[in-house]
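Naming convention: chains lettered A, B, ... in sequence-line order (proteins, then strands); numbering from 1 in each chain.
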Amino acid sequence: MTQTAAPKVVTRFPPSPTGALHLGGARTALFNWLYARHHGGRFVLRMEDTDRKRSKDEYVDSILEAMAWLGLDHDEGPYYQSQRFDRYRQAIDQLLEDGRAYWCHCSPEKLKQTREAAMAQGKKAMYDGACREAGLGPAEGAVVRFKGPRTGSTEFNDMVKGVISWANSEMDDLVILRSDSSPTYHLAVVVDDIDMGVTHVIRGDDHVPNTPRQILLYEALGATPPRFAHIPMILGPDKSKLSKRHGATSVVEFRDQGYLPEAMINALARLGWSHGDQEIFSIDELIELFDLDAVGKSPAVFDFEKLTRHNQRYIQKASLERLLELVTPFLARRGIKQFDQPTLVAALPHLTPRATTLVELADWAEPYLLEQPVMDPKAVKKFLKPQNQAVLQAVRGMVERVGVTDLGALEEAFRALCEELGLKMGKVAQPTRVALTGRTFSPGIFEVMAILGKDRVLKRLEAAMETAGG
RNA sequence: GGUCCCAUCGUCUAGUGGUCUAGGAUAUCGGCCUCUCACGCCGAAGACACGGGUUCGAGUCCCGUUGGGACUGCCA
């Protein structure tokens, strides 16, 4: 007998488009994507936009953009829950018919009062089940509630946390249809995961308390629950839930700050997951190595410094061609739209070890791409002094004579010149560096000359001599 | 308050009862390299939350304490 071709693993990522894709969501998406890819399964994208007031199209676009940037491609979707209301209604009707749900006429005000009263007495703030056995029908302002069991317990074997058991008495009857006749999250998510054949639900562990109630819903709907894997949350440096006040938290912000997607992926993957002592992983390695059994249980503080370090390494590793493409928008952003590409190509290999982000890389590249470098006033004051005019003059003469193409010859001549002047290398190199780049730091002085070429070196030295003389 | 989850260097983590005087990464500090700034290399400091058990033996298993977190919505 041959088995049907139904994929054995189907994962999904269901963001609600009420904000940009955050680090936590991105990691959840990554783990789902990796799990599907590792097992040769399918990855479904679904927008949970049942809350029509808070969901916005611009967030849908922004989430899609972030996913694409990270390279997390989906095999199905994006589905939109807002387009599946008929299906949810059908499931709710079925539940009503089967006696697994009931109409509730309690007003939000009344509910709030009972809740507060319960809290005041130090009791559990749960729905009291007033309408549970009332046999009510639909009415203006009414909702439908799921009729959950009052006794026993619901248990599941979480793939990262192990067995988790929940007393049914701890769960009240949750609303599945709102008074505006839209379905709630719990109902929609379960119906969708059934319809879409989801086999593994990998999500943040803030969903742990939702899981037993959803399992009950699966059973009421006559479906087998999927496997669950609850991954620990990502925290800010103060160990509280990561939020805006911790700095950049949305994926596109990192992109705009000059981070490479593979650095993001690497950093995110290592948060809660590990493979021995290995720190650097390519996408292919992650797909090959990733599995849920190596996911940790405890929450993790996001380490921005480590991400930056990863980013620096990835910038160093990137091909010249890609770097060119990556850095161009960042150059444009600082007003450098037209420039001599060969100069940038020559400069880039010397710049990458010095840049931790693409923003910095563009900054490092600037002196070589501008007609005249922007002179740092402090550097000018310190190094382009009258007494250095002669030094610059001597360097100019040397460059005129030996050129800048033969680095060996250039260095030899430069050192000879220092000796001749009776000056240490640094005393000659620093004024030259400022003359050529406008700054006190740069790649090696000979590399700088080679990048600029003889003509520009001579021109800049002359300009600097004038500055020093004046 | 209740329910549930979690607990190794500052941070991310390795560690699945003996090989742990606890390993790696990052951050910090020191050194080397050196024309500056980086990169790179070498080195230092730095952790098993606490208390009970189980065991010949516990970072590893069990219980408790403490601490942290999540949930407790007609948000998802």
Side-chain angles (χ1 to χ4, degrees), chain A residues 14-16 18 48-51 53-55 81 104 106-108 111-112 115 118-127 141-145 158 161-162 164-167 169-172 174-180 182-186 188-189 203-212 230 232-233 235 237 239-241 267 270-280 296-310 312-313 316 350-356 364 379 411 414-415 418 424-430 432-434 437 439-446 448:
Chain A
S16 66
T18 53
E48 307 223 318
D49 55 352
T50 55
D51 184 346
K53 287 181 221 73
R54 296 201 304 145
S55 300
Q81 291 190 327
C104 170
C106 298
S107 69
L111 258 21
K112 200 179 166 201
R115 190 158 46 233
M119 287 284 247
Q121 289 175 48
K123 288 194 197 148
K124 292 167 215 155
M126 302 203 312
Y127 173 59
V143 300
V144 173
R145 284 181 187 273
D158 192 276
K161 305 228 181 230
I164 294 176
S165 178
W166 217 279
S169 58
E170 290 296 327
M171 297 183 264
D172 57 3
L174 77 210
V175 172
I176 54 177
L177 184 75
R178 296 188 186 100
S179 57
D180 69 355
S182 63
T184 60
Y185 158 73
H186 288 284
V189 89
R203 66 206 332 190
D205 69 10
D206 48 337
H207 283 286
V208 166
N210 295 335
T211 307
H230 288 95
M233 318 229 4
L235 274 25
K239 302 228 177 196
S240 70
K241 201 168 171 175
R270 279 289 288 106
L271 221 53
W273 175 84
S274 61
H275 181 73
D277 284 342
Q278 191 171 344
E279 294 287 342
I280 305 294
K297 298 179 181 184
S298 45
V301 174
F302 187 75
D303 190 345
F304 291 88
E305 284 167 329
K306 206 162 181 173
L307 167 67
T308 301
R309 191 71 169 106
H310 278 314
Q312 182 171 28
R313 296 233 168 89
Q316 278 182 74
H350 306 289
L351 271 24
T352 49
R354 295 169 166 84
T356 63
W364 276 101
E411 175 159 3
F414 197 96
R415 288 187 187 280
C418 294
K424 282 193 167 180
M425 180 96 167
K427 292 282 180 194
V428 184
Q430 276 307 79
T432 306
R433 171 168 286 113
V434 173
T437 67
R439 350 228 263 208
T440 53
F441 49 90
S442 79
I445 196 66
F446 312 118
V448 168

Using the [atom1] atom as the reference point in each nucleotide, state the distance between [N] and [M] in Å, no decimals.
{"N": "B/rG53", "M": "B/rU21", "atom1": "P", "result": "23 Å"}
{"N": "B/rG67", "M": "B/rC62", "atom1": "P", "result": "22 Å"}
{"N": "B/rC71", "M": "B/rG52", "atom1": "P", "result": "36 Å"}
{"N": "B/rA38", "M": "B/rG46", "atom1": "C1'", "result": "26 Å"}
{"N": "B/rG59", "M": "B/rU16", "atom1": "C1'", "result": "11 Å"}
{"N": "B/rG24", "M": "B/rC9", "atom1": "P", "result": "16 Å"}
{"N": "B/rU26", "M": "B/rU65", "atom1": "C1'", "result": "33 Å"}
{"N": "B/rC20", "M": "B/rA27", "atom1": "C1'", "result": "24 Å"}

Can you tell me the base-pairing partner of [N]? Count Watson-Crick or G-U wobble geometry only, both distances below 3.5 Å, and say none if there is no partner.
{"N": "B/rA76", "answer": "none"}
{"N": "B/rA58", "answer": "none"}
{"N": "B/rC50", "answer": "B/rG64"}
{"N": "B/rU3", "answer": "B/rA70"}
{"N": "B/rG43", "answer": "B/rC29"}

Original post:
Tell me, for nucleotides 71-76 of chain B in 5' to 3' order, what letter each nucleotide earns: B for a base near a protein heavy atom under 4.0 Å, S for only sugar-phosphate near one, - for neither?
Top reply: SSSBBB
**OP:** Any chance you could list the contact pattern along nucleotides 23-44 of chain B? Use B for base contacts, S for sugar-phosphate-only contacts and - for none, protein heavy atoms under 4.0 Å, 5' to 3'.
**Re:** BBBSS-------BBBBSS----
Original post:
Do A/T440 and A/V434 pass the side-chain contact (heavy atoms from CB on, under 4.5 Å) test, and can you show the C-alpha distance, the side-chain angles, and the key distance before you say yes or no?
Top reply: CA-CA 6 Å; A/T440 53; A/V434 173; 4.2 Å; yes
Original post:
Ion pair present between A/E305 and A/R309, side-chain N to carboxylate O less than 4.0 angstrom?
Top reply: no
Original post:
At what distance, to the nearest 0.5 angstrom, does CE of A/M425 lie from CD1 of A/I445?
Top reply: 8.5 Å
Subject >> Reported CZ-to-CG distance for the pair A/F302 and A/L307, which is rounded to 0.5 angstrom >> reply: 4.5 Å
Original post:
Applying the side chain to side chain contact (heavy atoms under 4.5 Å, CB included) test to A/S16, which of A/R54, A/E48, A/Q81 qualifies?
Top reply: A/E48
Atom [atom1] of [X] to atom [atom2] of [N]: distance rounded to whole Å?
{"X": "A/K297", "N": "B/rU60", "atom1": "NZ", "atom2": "C1'", "answer": "12 Å"}
{"X": "A/H275", "N": "B/rG15", "atom1": "NE2", "atom2": "C1'", "answer": "15 Å"}
{"X": "A/F302", "N": "B/rU13", "atom1": "CZ", "atom2": "P", "answer": "12 Å"}
{"X": "A/L235", "N": "B/rA7", "atom1": "CG", "atom2": "P", "answer": "13 Å"}
{"X": "A/K161", "N": "B/rC4", "atom1": "NZ", "atom2": "P", "answer": "14 Å"}
{"X": "A/D205", "N": "B/rA7", "atom1": "CG", "atom2": "P", "answer": "11 Å"}
{"X": "A/M171", "N": "B/rC4", "atom1": "CE", "atom2": "P", "answer": "11 Å"}

**OP:** Could you check whether A/G296 gets within reach of a base, just the sugar-phosphate, or nothing at all, counting any heavy atom under 4.0 Å?
**Re:** nothing
**OP:** May I ask you to test the A/I164-A/V208 pair for a side-chain heavy-atom distance under 4.5 Å?
**Re:** yes
Original post:
Between A/V143 and A/C104, is any pair of side-chain heavy atoms under 4.5 Å apart?
Top reply: yes
Original post:
Which comes earlier along RNA chain B counting from the 5' end, the contact point of A/W166 or that of A/W273, where each point is its nearest nucleotide?
Top reply: A/W166
Taking all non-hydrogen atoms of both residues, which atom of [X] and which atom of [Y] are closest, and how far apart?
{"X": "A/E279", "Y": "A/H310", "result": "O-CE1, 3.8 Å"}
{"X": "A/S442", "Y": "A/T437", "result": "CB-CG2, 4.1 Å"}
{"X": "A/F414", "Y": "A/V428", "result": "CZ-CG1, 3.5 Å"}

**OP:** Dump the intermediate steps for side-chain hydrogen bond (donor to acceptor under 3.5 Å, both in side chains) on A/Q430 and A/R433, then the final yes or no.
**Re:** CA-CA 5 Å; A/Q430 276 307 79; A/R433 171 168 286 113; 2.5 Å; yes
